[in-house]
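Each chain gets a letter, A, B and so on, in the order its sequence line appears, and its residues count up from 1. Treat the numbers as computed from the prediction; the structure is a model and nothing was measured.
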Amino acid sequence: MAGHSGESHVHPVSLYTRTLWWLMALLVLTVVAGYIPNIPNWLGVVIALTIAVWKATIVIMNFMHVRFSGKLAWLFAGAGFFWLVIMLAFAFADYVSRPWEPFHGWPE
Amino acid sequence: MSIQELGKQSATLEYTGEVHHHADGILGEQFETLEQQNTAYLIGMWAFIVQEVLFFGAIFTAYAVYRFKYVLEFTLAHHELSVPIGTLNTFVLLFSSYTMARAVRAAMQNRHTKQAFYLLLTFLFAGVFMVNKYFEYGAKFEHHLFPNAYYSAHEIVEHAKAKGELRVVVEDGREMYELGKTIRGEFKPFKKVSPEEFEQRTKLFFGFYFVMTGLHGLHVLVGMIVIAILIGRALIDHMKNKPIADYMPVEMTGLYWHLVDIVWIFLFPLLYLIGR
Amino acid sequence: MWNFPLVPPTASKEGEAISLLYWTITTIAIVFGTIVLLGAIYLAVRYRASNNAVDRSNATDSDLRIELAWTLIPLVIAMVMFGWAAKLYADIYAPREGYYEVFVIGKQWMWHCQHPNGARENNMLTLPAGRLVKVSLISQDVIHAFSIPAFRVKRDAVPGRYNAMYFTPTKPGVYHLFCTEYCGTKHAEMIGKVVVLPENEFQKWLEKNAPGATAAAATAATTGSAAAPATGGTLTLAQQGEQVFKALGCNACHLNPNSPVKVPDLTKTWGDTIKLTDGRVVKGDEAYIRESILNPAAKIREGYQNLMPPYQGQVSEEQLVQLIAYIKSLAGASNGGK
Amino acid sequence: MATTTYTGGQKQNYLNWKTTLASWLFTLDHKRIAILYLVSISIFFLLGGLAAGVVRAELATPKGDLLTSDVYNKMFSAHGIIMIFLFLIPSIPAVFGNFLLPLMIGARDVAFPRLNLLSWYVFMAGAACILIAILRGGIDTGWTFYTPYSSSFAKGEVSLAIVGIFLTGFSSIFTGINFLVTIHKMRAPGMTWFRLPLFVWAMYATSLIQVLGTPVVAITLLLVAVERTFRIGIFDPSLGGDPILFQHLFWFYSHPAVYIMILPAMGVISEVISAFSKRRVFGYHFVAFSSLAIAIIGFLVWGHHMYTSGQSMYAGIVFSFLTWIVAIPSAIKTFNWMATIWKGRVHWDTPMLYALGFMGLFVIGGLTGLHLAALATNVHLTDTYFVVAHFHYVMVGGAIMGYLAALHFWWPKMTGRMYPEGWGKLAALLVFVGFNLTFFPQFLLGYMGMPRRYHSYPEEWAVLNLLSTAGSTVLGLGYLLPVIYLTWSLKYGTVVTERNPWGARGLEWELVDTPPDPHNFERTPIVTRPAYDYNHPEEPTGFVPKPRPVVVGGKDG
Ligand code: HEA
Ligand code: HEA
Ligand code: CUA
Ligand SMILES: [Cu+2]
């Protein structure tokens, strides 16, 4: 978190414009990807989410300045998403593994 | 360890002649230095963002479970959302994130008018977003897609029929919906549901749609109020010819605003795009 | 008043195994509980401030070896107990073979039990001693739980899906039956009795109860649609299922050599490994059959088309239970009692 | 203490420097906010206890003769909801966390005093919603709000109660955020992480859970309210929903929440045992890190409330494994406390009595948690009185014992008066005896299979239930006593003028006036020694006060 006194933390405008262009490009990409005909549903979801994660990451890194911040900001920025993944993973572990239950006794 | 050494170790908390901030009323009484105060606020904001991520994350989890379970019904319901409006809103919100970042930058550079200008832009973009949402919601109400007692899947069925993604069949005198796809003029059914089930499940989709976008919209609204206050303060400071003594309020609002943006970055594809 | 037990009766094979586990964990708890409680008091008395006669020298305040010791010893104990308990859990909940099956439907606020031969009981369950029993559970409204303390088993009855448990009653007798998942106003009155009879008496009981005797109660409890005939009477559960099967017109397609459409052979459904059109592989179990009836399109067997109408809303839970019993009987599944 | 200019007598302190009602209601002083919480949660505790009394009265006889089943259901729901959301979750964090954190780390206040006050108001608003819901017809869902009962069947003011819990949840989140930042950024010079008192470590771990878990339960309950209002099938299978999903989301928070209740109490016990044994806490690093371990692993075990629900067997096995693992850090703490007493100079004052009581009862509660963690025994014991006994042992025997230990230990610091020691000891004894009488029989009942949330039960369990009811009156008396004598002591208790009546270590004892000055410290201390430095009684205190740059008059916003 160092560097919040003085002017050192004022980043060049180009950082922001570049980020904006990336975001716009990705927006176009995600909309276009949404209209690819006849792709399996899961693939559509994976593409959409990958692009969303990408977009979110550059917002966090550049607009929210995490890239330039100390460990603590990284830790906090990561913790929320990490915990969300834990929740998703464990809840889905239940749904996904339900059909695995053996049918005629345990496999010996 | 000697006390002298300790003094060095804790150099960050040495008094640095910033005492005058007390007079300005900027430095909270509980803090020693401005830097301490600023980092405290930043971490505080981040902790709040962590909280927000899990707050929205829980609905995303629930949404994921049902989207997984009722893919076809949800897909047809997806089609009722307008991708152009959604895209426009995403565009607007991404842009507002940019102007917000510029406003923070201006504040750090101590430039009132520039800061006010970018804040105003942000505010306007947010306004466009809300106006869009207003019309979008209005249309859903009109078409009985708001999940209250008047909800009806009628339009979804009609649209899906027209697109060849749904077929009504009569079995034992009962109407049934077949969901599927028309490929080269031939209807290929994947799933058959009763009209009641179809209604329930698409209603579930719109339930999620309204809860998620509603909570998000609420966040936008709160952000707009805060931004308006900031604009006012910047202008007053400008008229009184005072320097921007404290850019933290703008910076924190910025963090919050980017978070609102990120939530939308996920909402947009999950609600509007997938299943096209 | 002088009926004053401190432990429950143990009347099932699984119950005995679980009791042993229970007392083992209890012993561990008593050992550690005593060490901590008495140990702390002993130390606090011995090292009381007014006692200057004790040796307080060399009082370290950290020691890696001792920390490791009291981390690792409980850890080892924990892992052993975990594994033991998991094994027993799988014995109750994982599917087994060669059972006598009863279907139990929970609703606010009663238990409705059906035997394969068609006998029905409310808030009462009669079981044979010495035979593996499978209880298949479902609820019509909210979540309930079917609990028989003497057998040390329970399982939730969840609306919309089947849950099952397995156990082997050993001692004839009469035992408590409770609903243990809070289900509303009369949750505490959703209770009953489990009666375990020796095998030969149980057979007599079945015969006595199968014909006619419970028909009135059965019709009263049937909540099915008008399309179905009043089931029950002298029929076994599977036979009732057969009737429902005809009444709902399933035989227009299934088990009909002149079927207008290509249908799977239902005599092979139960217990089969079924490949679906979307590539998934599922087991032909109750859940699959249930879903195939209510919403056939959800899972379509490879090589067939989605031509079967969904029966959601047209069959009651009871009829479903009967249909499933019938389809199982087609595959010659062990259904006991017949 | 050579540097103090303390003179005794009518010195300005945080209680007396302004006394108007407004000065309390709009205070930004963490110490005053702590008192606001103390008063409010004490009232809620009595209300929740009253409901428990009614529950026990009904259960004195096997027949459901005192109340109708409906009223009974509303009673235990009210009892559970009030005790958990309005009493135990805010108890130690909001009262002692608020009061002590800044004092312990050498700060003038928490990082965000306004947020702190706001969180009290949000809490009170939430409490008002819950109480109004209870008064206007009540809630009969139990504190767990299981769907589809709560979403489609339960009548009454469920939605209002949910709004209330939503609000108290946010109050808890705000407190958590505030403490996290306070601990990160407000430590005095030289107060390194490993010089922090263990109570601060415990509060840090607690705050993590509050921030990471609470939003999930807030949104989940909100979805229940949405389902009730709009009939959307989120959790009701007859509308297309999945009731097990609710349980996943609910326990994702509510299991970690039990550690929100116990971790602060564990922190208190570390302080008290050390102070009354006059010895540094044994294995400081292990105790500190076990708090974090509990907080983190505690998030991975929620499925142990769902072994019988029909979640996948594999998920059940994984959750059970992790539940056994999460018991280990508690074991580490327990043994380290015992080693702290070893070779100490133990003073048998009331706080120490409660601390010893905590150790005994928490361990019984924790060890019976192992019966529940084990898959097969859980199947038999779940939803019986065994569970009821388990959680009362950890929550009442553990957390409340810790709370009472804290209340007595810091009472002189907070009020400037001493509680009557004799009465204190008597109450501690009554609580201990009454508690065991009330809840031990419930283990036996549970093993015999007595289901929870029953207002009537088979005859053969009458004796044990009567015993439990009898015990609860003793316990009630045990709780009533402190209420009376602590109130009495505010006016008539011995005046405490020393800073450090217990001869304990810690900034709040050695450098802060009794009662504290509105600004806490005269000067910002520089810390030069570890916590609990009892081993060098002859050396100077090790706190080097630093001149403060500004001296402001009062402190308020
Ligand atoms: C303060 C609150 C608190 C605490 C600290 C705990 C601590 C623990 N709890 Fe408890 N629990 C509750 C409050 C709490 N619980 C509540 C409220 C419920 C019911 C909710 C409801 O349904 O209404 C519940 C229910 C509950 C269940 C579900 C029961 C059911 O409904 O089926 C389970 C199952 O695993 C469980 C386990 C545990 C375990 C393993 C611990 C462990 O953390 C305990 C660890 C401590 C020790 C083990 C003792 C010290 C160790 C030693 C002395 C060394 C020896 C150790 C070994 C050999 C391993 N608890
Ligand atoms: C912090 C948490 C907390 C606390 C402190 C308590 C305290 C007590 N609890 Fe409770 N309890 C819960 C949390 C708590 N409980 C929860 C979460 C449930 C589950 C609810 C659910 O199923 O949804 C529960 C359920 C529960 C049940 C099971 C109900 C059922 O399943 O049917 C019982 C039954 O004995 C009970 C008893 C008691 C008693 C006797 C006390 C005593 O310790 C209370 C003593 C305090 C007082 C009595 C008040 C102070 C004293 C006076 C005002 C003096 C005058 C009063 C008298 C002399 C009676 N509780
Ligand atoms: Cu059914 Cu409780
Ligand atoms: Cu738990």
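Across D/Lys155, D/His371, D/Met338, the residue that shares the most heavy-atom pairs under 4.5 angstrom with chain C is D/His371. Heavy-atom pairs under 4.5 Å with chain D peak, among C/Pro159, C/Gly160, C/Ser50, at C/Pro159. Put simply, of D/Val281, D/Thr334, D/Leu464, D/Ile364, the one with the most heavy-atom pairs under 4.5 Å next to chain C is D/Leu464. Comparing D/Thr382, D/Thr368, D/Asp236, D/Asp242 by how many heavy-atom pairs each has under 4.5 Å with chain C, the most go to D/Thr382. The choice from D/Ala339, D/Ser320, D/Gly357, D/Ser150 that makes the most heavy-atom pairs within less than 4.5 Å of chain C is D/Ser320. Here D/Leu375 is the residue among D/Asn73, D/Leu367, D/Leu375 with the most heavy-atom pairs under 4.5 Å with chain C. For chain C, the option among D/Ile332, D/Leu444, D/Thr144, D/Ile273 with the highest count of heavy-atom pairs below 4.5 Å is D/Ile332. Of the listed residues (C/Lys186, C/Gln108, C/Met190, C/Arg46), the one with the most heavy-atom contacts under 4.5 Å to chain D is C/Gln108. For chain D, the option among C/Val45, C/Leu88, C/Leu37, C/Ile25 with the highest count of heavy-atom pairs below 4.5 Å is C/Ile25.
More than 12 heavy atoms of other shown residues, nucleotides or ligands fall within 6.0 angstrom of atom CZ in D/Phe194. Heavy-atom neighbours of D/Phe153 CZ from other residues, nucleotides or ligands within 6.0 Å: above the threshold of 12.
With a 4.5 angstrom heavy-atom cutoff, C/Asn52 touches chain D only via side-chain atoms. Proximity to chain D is absent for every atom of C/Ser147, based on heavy atoms less than 4.5 angstrom apart. At a 4.5 Å heavy-atom cutoff, C/Ile148 makes no contact with chain D through either its backbone or its side chain. Of the two parts of C/Ile30, neither the backbone nor the side chain holds a non-hydrogen atom closer than 4.5 Å to a non-hydrogen atom of chain D. Contacts between D/Phe76 and chain C at a heavy-atom distance below 4.5 Å involve the side chain alone, from C-beta outward. In this structure, chain D has a heavy atom under 4.5 Å from the side chain of C/Leu64, while its backbone stays farther away. Heavy-atom distances place no part of D/Leu445 under 4.5 Å from chain C, backbone and side chain included. Neither the backbone nor the side chain of C/Glu14 comes within less than 4.5 Å of any heavy atom in chain D. For C/Val36, the parts lying near chain D are the backbone and the side chain together; criterion is any non-hydrogen pair under 4.5 Å.
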Exercise for the section: Determine, stepwise, if the pair D/Tyr447 / C/Leu6 fulfils side-chain contact (heavy atoms from CB on, under 4.5 Å). Expected result: CA-CA 9 Å; D/Tyr447 184 52; C/Leu6 289 174; over 6 Å; no
Handout entry: Audit row: C/Tyr22, D/Phe386, side-chain contact (heavy atoms from CB on, under 4.5 Å) steps and yes/no
Key = CA-CA 12 Å; C/Tyr22 175 87; D/Phe386 196 93; 3.6 Å; yes
Handout entry: Stepwise side-chain contact (heavy atoms from CB on, under 4.5 Å) test for C/Arg56 and D/Lys278
Key = CA-CA 12 Å; C/Arg56 289 192 175 86; D/Lys278 298 276 173 281; over 6 Å; no
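Between D/Met313 and C/Ala90, the shortest heavy-atom distance links the atoms SD-CA, 4.3 Å. Minimum interatomic distance between D/Val363 and C/Gly33 (heavy atoms only, all atoms of both residues): CG1-CA, 4.0 Å.
The closest donor-acceptor contact from the side chain of C/Lys154 to the backbone of D/Thr308 lies at 3.5 Å or more, if one exists at all. Here the side chain of D/Trp348 pairs a donor or acceptor atom with the backbone of C/Ala44 at under 3.5 angstrom. D/Tyr454 contributes a side-chain N or O that, together with a main-chain N or O of C/Cys179, makes up a donor-acceptor pair within less than 3.5 Å. The backbone N or O of D/Thr377 sits nowhere less than 3.5 Å from a side-chain atom of C/Arg152 that would complete a donor-acceptor pair. Between the side chain of D/Asp70 and the backbone N or O of C/Thr185, no donor-acceptor pair lies under 3.5 Å. The backbone N or O of D/Tyr307 sits less than 3.5 Å from a side-chain atom of C/Tyr89, completing a donor-acceptor pair.
Ring planes of D/Phe335 and C/Phe32: tilted class, angle from 30 to 60°. Ring geometry for C/Phe178 versus D/Trp461: interplanar angle of 30 to 60°, hence tilted.
In this structure, D/Ile325 and C/Met79 have side chains that are in contact, with non-hydrogen atoms separated by less than 4.5 Å. Using a 4.5 Å heavy-atom cutoff, the side chains of C/Arg161 and D/Ile244 are in contact. A 4.5 Å side-chain heavy-atom check between D/Asn336 and C/Glu67 finds at least one atom pair inside the cut-off. C/Ser62 has its side chain out of reach of D/His285: every pair of non-hydrogen atoms, C-beta onward, lies at least 4.5 Å apart. Contact of the D/His380 side chain with the C/Phe151 side chain is not registered, since no non-hydrogen atoms from C-beta on lie closer than 4.5 Å. Under the 4.5 Å side-chain criterion, counting only non-hydrogen atoms from C-beta, D/Trp324 is not in contact with C/Leu75.
Centroid-to-centroid, the aromatic rings of D/Tyr149 and C/Tyr182 come within less than 6.0 Å.
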